[in-house]
Amino acid sequence: RLGLERADTAEKALTVIVDLLEKYGQGGNCMESHMAFTYHNSFLIADRKEAWVLETSGKYWAAEKVEAGGVRNISNQLSITTKIDREHPELREYAKSKGWWDGEKEFDFAATYSYVNTARMTTSRGRYCEGYKLLNKHKGSISSEIMMEILRDKESGINMEGGFMTTGSMVSVLPQEPGLPCIHYFTGTPDPER
C-alpha cells in the first residue's frame with residue numbers, strides 16, 4: 001500500500017518497499033485466527049510500462065524485472081532463481097556466511113534461501129506450477145476475462161477452498177497509452193468464483 005501511495009512507477013514502488021523492509025523488517029501473523037502462521041512476502045508490482053517480482057527473506061530480497069510480453073506468477077514460495085535484476089547489497093555475502101552458498105556456483109536466490117526444492121516447483125502439481133502453466137497457455141492473448149478464469153480455477157488450487165481460503169482477487173488492465181484509463185476489478189466476496 002505504501003508503494004502505491006509513494007511511487008509513480010513500478011520500480012520506484014519496489015524501492016519504497018525494500019527501503020521500508022530494510023528499516024522496519026517484516027513479520028506478523030498471516031491470519032486473523034489465534035494460530036501463529038507467518039511467512040516472508042512476495043510482490044507483483046506493475047505499471048503501464050514494466051513489471052517486477054520482488055521476493056523477500058527477512059531483510060534480504062531479490063527482484064526480477066518481467067520481460068516485455070512475458071508472464072510471471074508468485075505463490076507462497078520463492079521463485080526468483082538466477083535472473084536477478086536488483087538485490088539486497090548483502091544478499092550473497094549473508095548466504096555465504098550461513099554456508100548456504102559457496103560463492104563459486106551460479107547464485108540461485110530461491111535455491112539458496114528456500115526450504116523448497118526449486119526444481120520441483122515447476123514440475124509438481126502446486127498452485128505455483130499450475131498458475132505458471134495457465135499463464136503460459138494464454139501468453140500473448142491474456143485478457144481480463146482470461147485472467148479472471150485463471151483466478152477462479154479451483155482444480156489448480158489457485159482459488160483455494162478449505163482451511164485456507166482465497167480471500168480476494170484483483171485484475172488490473174494497464175494500457176500502455178497514457179491517455180487511456182486503467183481499470184481494476186476486485187472480488188466482492190472471499191471466493192473469486194462468485
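Heavy-atom basis, side chains included; hydrogens, waters and symmetry copies ignored. The shown structure was predicted, so the numbers you read here are calculated from the model rather than taken from an experiment.
Contact of the Pro175 side chain with the Cys182 side chain is registered, since non-hydrogen atoms from C-beta on lie closer than 4.5 Å. Between Asp153 and Asn159 the shortest side-chain heavy-atom distance does not fall below 4.5 Å. Looking only at side-chain heavy atoms (C-beta outward), Leu2 and Leu20 come within less than 4.5 Å of each other. Looking only at side-chain heavy atoms (C-beta outward), Leu91 and Phe107 come within less than 4.5 Å of each other. Taking 4.5 Å as the limit, every side-chain heavy atom of Lys65 sits out of range of all side-chain heavy atoms of Glu11. Inter-residue side-chain proximity for Arg92 and Glu87 is flagged as met; some heavy-atom pair is nearer than 4.5 Å. The shortest distance between side-chain heavy atoms of His184 and Leu174 falls below 4.5 Å.
Distance check: Glu90 CD to Glu93 CD gives 9.0 Å after rounding to the nearest 0.5 Å. Atoms OG1 and CD, on Thr112 and Glu106 in that order, are 10.5 Å from each other to the nearest 0.5 Å. Summarising the geometry, atom CG belonging to Leu134 is positioned 9.0 Å from atom CE belonging to Met147; distances are rounded to the nearest 0.5 Å. The line from CG of Asn73 to CD of Glu130 is 10.5 Å long, rounded to the nearest 0.5 Å. Note that CE of Met170 and CZ of Phe186 are 4.0 Å apart. Values are rounded to the nearest 0.5 Å.
At distances below 3.5 Å, not a single donor-acceptor pair connects side-chain atoms of Thr56 with backbone N or O atoms of Gly58. Side chain of Gln26 to main chain of Asn41: a donor-acceptor pair is present (N/O by atom type, distance under 3.5 Å, no hydrogens or angles). Checking side-chain atoms of Asp47 against main-chain N and O of Ala10 turns up a donor-acceptor pair under 3.5 Å. Arg48 places a side-chain N or O within donor-acceptor distance of the main-chain N or O of Glu177, the cut-off being under 3.5 Å. For the pair Asn136 (side chain) and Lys139 (backbone), a donor-acceptor distance under 3.5 Å is absent.
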Do Arg86 and Leu14 pass the side chain to side chain contact (heavy atoms under 4.5 Å, CB included) test, and can you show the C-alpha distance, the side-chain angles, and the key distance before you say yes or no?
-> CA-CA 10 Å; Arg86 287 185 56 190; Leu14 183 145; 3.3 Å; yes

Would you check, one step at a time, whether the test side chain to side chain contact (heavy atoms under 4.5 Å, CB included) holds for Glu50 with Trp52?
-> CA-CA 7 Å; Glu50 65 183 15; Trp52 289 82; 3.2 Å; yes

Any chance you could lay out the side chain to side chain contact (heavy atoms under 4.5 Å, CB included) test for His138 and Ile150, step after step, and finish with the verdict?
-> CA-CA 10 Å; His138 298 286; Ile150 291 171; 4.3 Å; yes

Test side chain to side chain contact (heavy atoms under 4.5 Å, CB included) on Tyr113 and His40 and set out the steps.
-> CA-CA 11 Å; Tyr113 278 82; His40 301 279; over 6 Å; no

Ring pair (Phe, Tyr, Trp, His ring centres under 6.0 Å) between Trp61 and Phe109, worked out | CA-CA 9 Å; Trp61 56 271; Phe109 177 66; 9.1 Å; no

Show the numbers, then the answer: is there a side-chain hydrogen bond (donor to acceptor under 3.5 Å, both in side chains) between Gln77 and Ser114?
-> CA-CA 8 Å; Gln77 61 193 36; Ser114 287; over 6 Å; no

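For Glu67, the CD atom sits in a loose shell: 12 or fewer heavy atoms of surrounding residues, nucleotides or ligands are nearer than 6.0 Å. For Gln176, the CD atom sits in a loose shell: 12 or fewer heavy atoms of surrounding residues, nucleotides or ligands are nearer than 6.0 Å. No more than 12 heavy atoms of other residues, nucleotides or ligands shown are found within 6.0 angstrom of OH on Tyr24. Enclosure of atom NZ in Lys49 is not indicated, since only 12 or fewer non-hydrogen atoms of other residues, nucleotides or ligands lie within 6.0 angstrom.
The side chain to side chain contact (heavy atoms under 4.5 Å, CB included) with Leu151 is formed by just one residue from the set Ile158, Ile146, Thr166; it is Ile158.
Linking ILVMFWY residues whenever their side-chain heavy atoms come closer than 4.5 Å, directly or via other members, places Ile142 and Val173 in the same cluster. Side-chain heavy atoms closer than 4.5 Å link hydrophobic residues (I, L, V, M, F, W, Y) into clusters, and following such links, possibly through other members, connects Leu78 to Trp101. In this structure, Tyr60 is not a member of the same hydrophobic cluster as Ile17, with clusters built from ILVMFWY side-chain heavy atoms closer than 4.5 Å. Under a hydrophobic clustering in which Ile, Leu, Val, Met, Phe, Trp and Tyr are joined whenever their side-chain heavy atoms come within less than 4.5 Å, directly or via other members, Leu44 and Ile84 fall into the same cluster. Clustering ILVMFWY residues whenever any of their side-chain heavy atoms sit less than 4.5 angstrom apart, transitively, puts Leu54 in a cluster other than the one holding Ile80.
Scored by the side chain to side chain contact (heavy atoms under 4.5 Å, CB included) test, Ser75 finds Arg127, Tyr128 as partners (sequence neighbours excluded). With sequence neighbours excluded, the residues satisfying salt bridge (Lys or Arg N to Asp or Glu O under 4.0 Å) with Glu161 are Lys154.
Ion pairing of Lys23 with Asp19 is absent here, as no side-chain N (NZ or NE/NH1/NH2) approaches a carboxylate O to less than 4.0 Å. Look at Glu64 and Arg72 and you find a salt bridge, because one of the NZ, NE, NH1 or NH2 atoms lies within 4.0 Å of a carboxylate O, short of that distance. Ion pairing of Glu149 with Arg152 is absent here, as no side-chain N (NZ or NE/NH1/NH2) approaches a carboxylate O to less than 4.0 Å.
For the pair Ser79 and Ile74, the tightest heavy-atom approach, listed with the atom from each and the gap, is OG-CG2, 4.4 Å. In terms of heavy atoms, Ala7 sits closest to Ala13 at CB-N, 3.2 Å.
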